[in-house]
Amino acid sequence: MRIDIVTIFPEFFGVLDVSLLGKARDRGLIDIAVHDLRDYTHDRHRTVDDTPYGGGAGMVMRPEPWGEALDEVLTPESVLIVPSPAGERFTQAIARELSTEARLVFACGRYEGIDQRVVDYASSVARVRELSLGDYVLNGGEVAAMAVIEAVGRLVPGVVGNPESLDEESHEGGLLEYPSYTKPAEWRGMPVPPILLSGNHGAIASWRYEQQLERTRRVRPDLLGDS
Ligand SMILES: Nc1cc(-c2ccc3ccn(Cc4ccccn4)c3c2)[nH]n1
């Protein structure tokens, strides 16, 4: 998978060189390139924003630099991901969909967002998905892009050591994950649930499924279709 990120804060993505995705890059599973939007400006001040038509607070990102940047990184097979508070809610299902794509491009906006014509133009040359992390407002798209890149990257075949571990995570089967325990068998007076020490794998699987249902019902009834 090839990931291109366009941002005015390229240094923000330095962290992608470490951790799981860093190893995936070293192994050639994921290729990540970060592009500074200001490299596509031509004025002395490398201006990327301007005042909004129609008035209103804040500034809007100018279309010209974005047009030149996306002309360079977008291909017909790309999916352009535009983090936005007005986007569709990003979910594990969308992460799974995106993990099968060959090329992802992230347009990280700042200020009050990007001139709408950039998304409209990009939609004529590639698939575009405006994605929201949730119902709260960030200062820009970088944090959201990082979250999407991590959620998608870990689903790319070969990135996670034990692919089976992906199946039992929260939101994979539509349920939250069961609680996990490790040594010691008792800690501060709290024992590990005895079933987990029984060696009875069928009973353990049933107990874990019950725990998933109970936790999902308690914390996220919406996932069960309960209001
Ligand atoms: N789930 C999300 C995504 C975002 C997000 C994504 C991209 C941008 C680019 C600029 N801003 C700031 C901003 C503030 C006010 C109104 C519009 N945008 C962003 C915010 N916030 N919350």
Side-chain angles (χ1 to χ4, degrees), residues 3-16 21 32-41 43 45-74 78-99 101 103-155 169-171 176 219-220 222-223:
I3 298 177
D4 287 280
I5 305 165
V6 182
T7 171
I8 60 171
F9 295 122
E11 64 280 6
F12 183 92
F13 293 94
V15 73
L16 286 175
L21 292 190
I32 301 180
V34 184
H35 310 269
D36 186 343
L37 181 69
R38 293 192 193 277
D39 291 345
Y40 300 90
T41 61
D43 63 302
H45 297 292
R46 295 163 58 92
T47 310
V48 293
D49 63 311
D50 206 332
T51 53
Y53 277 120
M59 303 291 272
V60 175
M61 298 193 95
R62 297 171 50 230
E64 300 97 326
W66 278 107
E68 290 189 27
L70 295 180
D71 284 349
E72 194 166 294
V73 298
L74 274 185
S78 302
V79 177
L80 174 65
I81 296 164
V82 184
S84 164
E88 70 180 298
R89 183 68 175 274
F90 180 57
T91 62
Q92 188 67 12
I94 295 176
R96 268 201 304 275
E97 275 177 53
L98 294 175
S99 70
E101 295 289 345
R103 296 183 73 107
L104 302 181
V105 176
F106 288 82
C108 299
R110 278 273 152 173
Y111 305 99
E112 296 305 306
I114 304 171
D115 185 298
Q116 181 60 39
R117 291 168 293 182
V118 173
V119 163
D120 295 347
Y121 173 77
S123 300
S124 70
V125 296
R127 289 166 291 162
V128 177
R129 298 195 78 163
E130 295 183 79
L131 296 179
S132 166
L133 285 194
D135 296 336
Y136 44 85
V137 182
L138 303 167
N139 281 333
E142 285 79 9
V143 166
M146 187 70 83
V148 174
I149 289 168
E150 178 152 318
V152 171
R154 64 195 299 277
L155 296 178
E169 295 179 327
S170 284
H171 304 293
L176 299 184
V219 178
R220 289 292 306 277
D222 58 299
L223 293 178

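Since this is a predicted model, take the numbers as computed values, not measurements. For ligands, and for the atoms within them, numbers begin at 1 and follow the listed sequence.
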Report task. Report the part of A144 (side chain from C-beta onward, or backbone N, CA, C, O) that has a heavy atom under 4.0 Å from ligand 1; answer both or neither where that applies. Result ->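 Near ligand 1, A144 shows nothing, with every heavy atom at 4.0 Å or more.
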**Report entry** Part of N139 within contact of ligand 1 (heavy atoms, under 4.0 Å)
**Finding:**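 For N139, only backbone atoms sit under 4.0 Å from ligand 1.
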Do me a favour and list the nearest non-hydrogen protein atom to [atom] with residue, atom name and distance?
atom                    : result
atom 14 (C) of ligand 1 : V137 CG1, 3.5 Å
atom 20 (C) of ligand 1 : L138 O, 3.5 Å
atom 22 (N) of ligand 1 : Y136 O, 2.7 Å
atom 19 (C) of ligand 1 : G140 CA, 3.7 Å
atom 16 (C) of ligand 1 : E112 OE1, 3.7 Å
atom 5 (C) of ligand 1  : P85 CD, 3.4 Å
atom 7 (C) of ligand 1  : P83 O, 3.2 Å

Query raised in the report: Given the rule in the side chain to side chain contact (heavy atoms under 4.5 Å, CB included) test, do V125 and L70 qualify, once you have shown the distances and angles that lead to the verdict?
Result: CA-CA 10 Å; V125 296; L70 295 180; over 6 Å; no
**Report entry** Exceeds 12 heavy-atom contacts within 6.0 angstrom, atom OH of Y121
**Finding:** no
Query - Residue E150 excluded, over 12 heavy atoms near CD under 6.0 Å - result: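 Check fails, neighbour count at 12 or below.
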Requested in this report: Please answer whether the main-chain N or O of L80 pairs with a side-chain N or O of S78 as donor and acceptor at a distance below 3.5 Å.
Outcome: no
Contact atoms of ligand 1, heavy-atom distance to [X] under 4.0 Å:
X    : answer
S84  : 3 (C), 6 (C)
L133 : 1 (N)
G134 : 1 (N)

Can you give the donor-acceptor pairs under 3.5 Å from side chains of residues 46-54 to other protein atoms, not counting sequence neighbours?
unit_1	atom_1	unit_2	atom_2	d
R46	NH2	D39	OD1	3.3
T47	OG1	D43	OD2	2.5

Report task. Please report the C-alpha distance between I8 and M61 in whole Å, then the side-chain angles of each, then the deciding distance to 0.1 Å, and finally whether the side chain to side chain contact (heavy atoms under 4.5 Å, CB included) criterion is met. Result -> CA-CA 11 Å; I8 60 171; M61 298 193 95; 4.0 Å; yes
Query raised in the report: Hey, is R117 close enough to D115 for a salt bridge, meaning N to O under 4.0 Å?
Result: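 D115 and R117: salt-bridged.
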Query raised in the report: Thinking salt bridges, do E101 and R129 make one under a 4.0 Å N-O criterion?
Result: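 No, no charged N to carboxylate O under 4.0 Å.
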Report task. For Y111 and ligand 1, answer yes if some heavy atom of the residue is under 4.0 Å from a ligand atom, otherwise no. Result -> yes
Report task. Report the C-alpha separation of F12 and T7 in whole Å, then their side-chain angles, then the decisive distance to 0.1 Å, and conclude whether the side chain to side chain contact (heavy atoms under 4.5 Å, CB included) test is met. Result -> CA-CA 9 Å; F12 183 92; T7 171; 5.6 Å; no
